[in-house]
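Order of the sequence lines sets the chain letters (A, B, ...), proteins ahead of strands, with each chain counted from 1. Given the structure is predicted, the values throughout are model-derived calculations rather than measurements.
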Amino acid sequence: VLKLLLSKSEKNAGFADSPSVSAISIVFNLLLCTHPFKKCELHRLDQGPPTQALLTREQGLKYYRTMQTMRRMELKADQLYKQKIIRGFCHLYDGQEACAVGIEAGINPSDHLITAYRAHGYTYTRGVSVKEILAELTGRRGGVAKGKGGSMHMYAKHFYGGNGIVGAQVPLGAGLALACQYKGNNEVCVTLYGDGAANQGQIFESFNMAALWKLPCIFICENNKYGMGTSVERASASTDYFKRGDFIPGLKVDGMDVLTVREATKFAADYCRSGKGPILMELETYRYHGHSMSDPGVSYRTREEIQEVRSKSDPISMLKDRMISNNMASLEEIKEIDVEIRKEIEEAAQFLCNHIFYNEPPMEVRGTNPWSKLKSIS
Amino acid sequence: MDKIRNEQIRGTVKVEQFGDKAREARLRWFGRVLRRNRGYIGQRMLEMELPGRRRRGRPQRRFMDVVKVDMEMVGVKVEEAVDRARWRQMIHCDFQLLQVTVRDALNQAMDEELERDERVFLLGEEVAQYDGAYKVSRGLWKKYGDKRIIDTPISEMGFAGIAVGAAMAGLRPICEFMTFNFSMQAIDQVINSAAKTCYMSAGLQAVPIVFRGPNGASAGVAAQHSQCFAAWYGHCPGLKVVSPWNSEDARGLLKSAIRDDNPVVVLENELMYGVAFEVSEQGLSKDFTIPIGKAKVERPGNHVTLVSHSRMVGHCLDAAAVLAKEGIECEVINLRTIRPLDVETIEASVVKTNHLITVEGGWPQFGVGAEICARIMEGPAFNYLDAPVIRVTGVDIPMPYAKILEDNSTPQIKDIIFSVKKTLNM
């Protein structure tokens, strides 16, 4: 498992030396790069997604910004949880950012998406602001579900959560796809589940009906190697999750590379939109945190393993290195974006003095004693 | 092309069915003959035997054979012919009220709602080409096709989840469970994905879905196929639960359920499907709905209140008819809705009668009757009770198979009568 991830990252590192690309980039400042990646493993498919992708500077910066925001947001949530400001369940998504960003880049905002409980990242990519997410996590009225849902139950337009029961979201996703087919609006539904949920009976029931009725549903298994504390070898008789759909065609994709994910999603979406029925995608990815905040994450895996992935295949670092080595962005620019995002997240986490006045500039507020001064945000 | 039922045309022009009219004429003549003097030739003709050799095959039907059947249908006896006025009243056929079975009522309700709103569709096992396991969706697939009436494989959890997902995306599915016993396979989708979502999303995500199917005891289907789920579903906030008794209830409540933007569980009853009830013209109209959350007083009375839902309402009315002969007037309340429970109607009745008996087919522990007892105790009606509330329920055992055991496992009319006399200290 680890070797697979490492070999892929090595391949990516050696890419950037083609002179023609650098030349073009200097001359035009348009700053494109083409990106060859490993061919995806296919199941019942004659042809997979393209092995090259085009990345413009704009796109690159956007993906970088989104992934970095998600990363910082999850780390902030970690902090708040340890301060006991967030309670209950908190499942963090850091390490898997490329999946969310890549999928969103491969579909339209009018398509539908549903996932399980590790949903903060998808809530962000589907259009909810960081402030609303953090407010919901801390149980505030300004939260996306007014504080009544919490970490696992955040909803947005064409985003159906956030579902707490493992595997239950898969039939829901097939139902959303049924609605798309019924209305005839050429939309698809992306239904995500994890390697742990992949053994749920209701998922196979959904596969059957989706294939029977040719529903435009993209089933995506985010395989982060561990279902809570159980590694995939200990949980599944077959760890080829992309083949588990049996009669549904499947493909296995490197989930740490945002472009690979994007191209695979585009391919899958086109497949569904053409009316051929559902398709299954397995994203190989990794989570740095434990299953949830109450799981340190080191009892079933070694710290070395986590460090290896962080240093060799971190999605954000990979994108950063690729952009810098292709002269699509400078290190300073990236650093600036990082600082900006850090500030944004810090601001979003200031809750105490919100909403004193409507639409007014921030003002100073006296705290409980003469020495504590707080700042209000409207 | 607008489809107007024969019954509606007949009702509008106030003309009875020909067969009913002919029956009335036969019985009228019969009564007249009986009232004539003894020795009237007509009377001799009634019992006359034709001479000669009988032909092969089934004997021909004689006038008395036909009249006997008619009298049984109408519910009169030969002795009653003496009283002319009463006889005429009994045999008169009324065109206003129309006999509709519960099955047909549900079928018509779904048909009309499918026509009215194209977002409505039906899915479940055998609902399409088989015309419904209990024929409730007969004819719908022929009329609306594969898109609106969907046959599913035997995957309750899967298709219930699919139905909920479709509801989240804006359609209005009717999800049929072949019986509610099978809904246990899918109960996570009903409760966690459908019922709780509006709350968890703070109103952002509605789930306008209807789960329907037969609930409770049937005939000889034993333990795994006879459970009543009124208490289980009635327990959960976010869910509306209705339990129709007669055809009018079935029509009105199913229509309200389909038009409601919340998840509604409609608990029908298999034994009631074939029972015909009179439905008024108003009850047959396309926009006839019964509000969810309101109970109905089926029979007013002032000695004791009987509260019930679904099939047991019929038993209560039968018991009330028997008790009326002894001078005890029972007020029978048909709950119609389990959640939200209409406590006000029950309380108002208890204030009047001072005695309360709840009758249900389900098990006693944590049941509908238990909830009513608790609510009455917590409310103003408690002070008006002259005796503790009595619960008449199914026996606290898994349903047995043998008929005699099965019959004794659900409340019978004699149990209700016994309980009434107990509470009134008679």
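- Proximity to chain B is limited to the side chain of A:L212, based on heavy atoms less than 4.5 angstrom apart.
- Rounded to the nearest 0.5 angstrom, A:F159 CZ and B:L204 CG are separated by 12.0 Å.
- Enclosure of atom CZ in B:F366 is not indicated, since only 12 or fewer non-hydrogen atoms of other residues, nucleotides or ligands lie within 6.0 angstrom.
- For a residue to count as touching a neighbouring chain, one of its non-hydrogen atoms must lie under 4.5 Å from one of that chain's; by this rule A:N208 touches chain B with the side chain only.
- Top candidate by heavy-atom pairs under 4.5 Å with chain A, chosen from B:A167, B:S155, B:A163, B:G170, is B:S155.
- Here the CG atom belonging to B:N192 is positioned 12.5 Å from the CD atom belonging to A:Q169, to the nearest 0.5 angstrom.
- At distances below 3.5 Å, at least one donor-acceptor pair connects side-chain atoms of A:K183 with backbone N or O atoms of B:A169.
- Among the candidates A:A168, A:A156, A:A174, the residue making the largest number of heavy-atom pairs closer than 4.5 Å to chain B is A:A168.
- Of all residues spanning residues 222-244 of chain B, none has a heavy atom less than 4.5 Å away from chain A's heavy atoms.
- Counting non-hydrogen atoms of other residues, nucleotides and ligands closer than 6.0 Å to CZ of B:F288 gives a total above 12.
- Chain B forms the most heavy-atom pairs under 4.5 Å with one residue out of A:M154, A:K146, A:K157, A:H153, and that residue is A:H153.
- Using a 4.5 Å heavy-atom threshold, the side chains of A:L178 and B:F121 count as touching.
- A:E205 places no side-chain N or O within 3.5 Å of a backbone atom of B:F159 that could act as its donor or acceptor partner.
- Counting heavy-atom neighbours within 6.0 Å of B:Y199 OH, excluding the residue itself, gives a total of 12 or less.
- Other residues, nucleotides and ligands place more than 12 heavy atoms under 6.0 Å from the CZ atom of A:R273.
- Considering only heavy atoms from C-beta on, A:Y155 comes within 4.5 Å of B:M200 through its side chain.
- For A:Y182 against B:V120, the heavy-atom pair with the smallest separation is OH-O, 3.4 Å.
- Proximity to chain B is limited to the side chain of A:I165, based on heavy atoms less than 4.5 angstrom apart.
- Under a cut-off of 6.0 angstrom, the local environment of NZ in B:K142 is sparse, with at most 12 non-hydrogen atoms contributed by other residues, nucleotides or ligands.
- The candidate with the highest count of non-hydrogen atom pairs below 4.5 Å against chain A, out of B:E156, B:Q189, B:R119, is B:Q189.
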